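Since this is a predicted model, take the numbers as computed values, not measurements. Quick note: residue numbers are just sequence positions, from 1.
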Amino acid sequence: MKSVKIFAPATVANLSCGFDVLGCCLDNVGDEMIISITADPGVKITKIEGANLPMETHKNVAGVAVEAFLEAYGENIGVAIEIYKKIKAGSGIGSSAASSSGAVWAVNYLLGNPFTMHELVKFAMEGEKLASGNAHADNVAPALLGGFTLVRSYAPLDIIKLHSPKDLVMTVIHPQIEVKTSDSRSVIKHKVTLKKAIHQWGNVGGFVAGLFTEDYDLIGRSLDDVIIEPLRSILIPEFNNVKSAAIEKGALGSGISGSGPSIFALSKGMKIANDVADIIKDIYNKTGIDFDIHISKINSEGIKIIEETEYRK
């Protein structure tokens, strides 16, 4: 039985100005998965640790994503999936995306890479559709391609990998409360004013330009959301205080990670990222809410192999 053990990274999506189109990949936060090609046809979830997730293939995001892969691949082969969950569901740092993208990446690798990374995004999006009701790519794209990514278009799907300045460091606080993506999407208005739209797409352009020119001030100025954040932030305790404190400590900008409740702060350099983590801890220690803090460089590679075996009992 041919198997591969992988690291499936967490991701930060939206990045304030880029709802459903911008995302980046974290370096030291993620799940582990073991994917095997088996003699018995069909996709089976054989083990899950660290979370209470469905074992049924059609109810599991990794299973659904691999089924979409195999339908396109055209051969009835067997796949066994083990998931060792370290990203909590509903955390806002791409829990479902890690499982979906990790599974299709590993199957693709074991079969000799018949699909490109960009093609794998489509399959992983099926897992996101199951998780949230919407087949968005802003988490699965950076998990698969690494670094920062832009979804230029969904129809047709057009993913662009962006430049990742080496000094950027992400600080993320994950309050131990659950905000489901589907619930977080329900508060969003489907119509915005032209004034807000102009403001927002100017920031998206500024952010992308800032990445490629390594203009950190421009990156910071562009991390501004006038459409989604004002609506979602009320679901997250101490959001405004955390954001203000992070920027006062030198962060380039701060905002909601994905659909929340995690809050990200993007900084230039590890020292500022650590200072930001300290001030955020001080704020949340007073709330009585349990939380995790992650400090991570940007992972330009994406999914990584931990171990590979030809025969595994």
Are more than 12 heavy atoms, taken from residues, nucleotides or ligands other than [X], located less than 6.0 Å from that residue's [atom1] atom?
{"X": "Lys297", "atom1": "NZ", "value": "no"}
{"X": "Lys161", "atom1": "NZ", "value": "yes"}
{"X": "Asn52", "atom1": "CG", "value": "no"}
{"X": "Lys304", "atom1": "NZ", "value": "yes"}

Any side-chain to backbone donor/acceptor pair from [X] onto [Y]? Under 3.5 Å, distance only.
{"X": "Asn108", "Y": "Val104", "result": "no"}
{"X": "His118", "Y": "Ile159", "result": "yes"}
{"X": "Asn14", "Y": "Gly258", "result": "yes"}
{"X": "Asp31", "Y": "Ile87", "result": "yes"}
{"X": "Ser222", "Y": "Phe207", "result": "yes"}
{"X": "Ser267", "Y": "Gly269", "result": "no"}
{"X": "Thr287", "Y": "Tyr284", "result": "yes"}
{"X": "Ser257", "Y": "Gly260", "result": "no"}
{"X": "Asn60", "Y": "Glu56", "result": "no"}

From Leu53, Ile83, Leu130, Val66, residue fulfilling side-chain contact (heavy atoms from CB on, under 4.5 Å) relative to Val61: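 Single side-chain contact (heavy atoms from CB on, under 4.5 Å) partner of Val61 among Leu53, Ile83, Leu130, Val66: Leu130.
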From Thr171, Ile219, Leu15, residue fulfilling side-chain contact (heavy atoms from CB on, under 4.5 Å) relative to Leu266: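 It is Ile219, the one option of Thr171, Ile219, Leu15 that forms the side-chain contact (heavy atoms from CB on, under 4.5 Å) with Leu266.
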For the residue pair Thr57 and Val64, establish whether any side-chain heavy-atom pair is separated by less than 4.5 Å.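 Counting from C-beta outward, Thr57 and Val64 never come under 4.5 Å.
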Checking [Y] against [X]: is there a side-chain donor and acceptor pair closer than 3.5 Å?
{"X": "Lys85", "Y": "Ser99", "value": "yes"}
{"X": "Ser3", "Y": "Ser36", "value": "yes"}
{"X": "Asn134", "Y": "Glu128", "value": "no"}
{"X": "Glu71", "Y": "Tyr73", "value": "no"}
{"X": "Thr11", "Y": "Asn139", "value": "yes"}
{"X": "Glu67", "Y": "His58", "value": "no"}
{"X": "Glu238", "Y": "Asn241", "value": "yes"}

In this structure, would [X] and [Y] fall into the same cluster of hydrophobic residues linked by side-chain contacts under 4.5 Å?
{"X": "Ile279", "Y": "Met270", "result": "yes"}
{"X": "Ile228", "Y": "Leu22", "result": "no"}
{"X": "Phe115", "Y": "Val43", "result": "yes"}
{"X": "Phe123", "Y": "Leu145", "result": "yes"}
{"X": "Ile236", "Y": "Ile293", "result": "yes"}

At what distance, to the nearest 0.5 angstrom, does CD1 of Ile35 lie from CD of Glu82?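 It comes to 8.5 Å.
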Would you sort out whether His136 and Tyr154 count as a side-chain contact (heavy atoms from CB on, under 4.5 Å), showing the intermediate values? CA-CA 8 Å; His136 55 97; Tyr154 275 94; 3.8 Å; yes
Apply the test salt bridge (Lys or Arg N to Asp or Glu O under 4.0 Å) to residues Lys5 and Glu308: give CA-CA distance (whole Å), side-chain angles for both, the deciding distance (0.1 Å), then the verdict. CA-CA 6 Å; Lys5 183 178 183 180; Glu308 184 176 6; over 6 Å; no
Any chance you could lay out the side-chain contact (heavy atoms from CB on, under 4.5 Å) test for Lys44 and Ile81, step after step, and finish with the verdict? CA-CA 6 Å; Lys44 296 180 177 65; Ile81 302 172; over 6 Å; no
Verify side-chain contact (heavy atoms from CB on, under 4.5 Å) between Cys24 and Met170, making sure each step is shown before the conclusion. CA-CA 10 Å; Cys24 71; Met170 192 70 78; 3.5 Å; yes
Take Lys271 and Asp275, measure what salt bridge (Lys or Arg N to Asp or Glu O under 4.0 Å) needs, and give me the verdict at the end. CA-CA 6 Å; Lys271 182 184 183 305; Asp275 290 344; 3.0 Å; yes
Let me see the working for Ile188 and Arg232 under side-chain contact (heavy atoms from CB on, under 4.5 Å), right down to the final yes or no. CA-CA 8 Å; Ile188 297 172; Arg232 283 183 166 175; 3.4 Å; yes
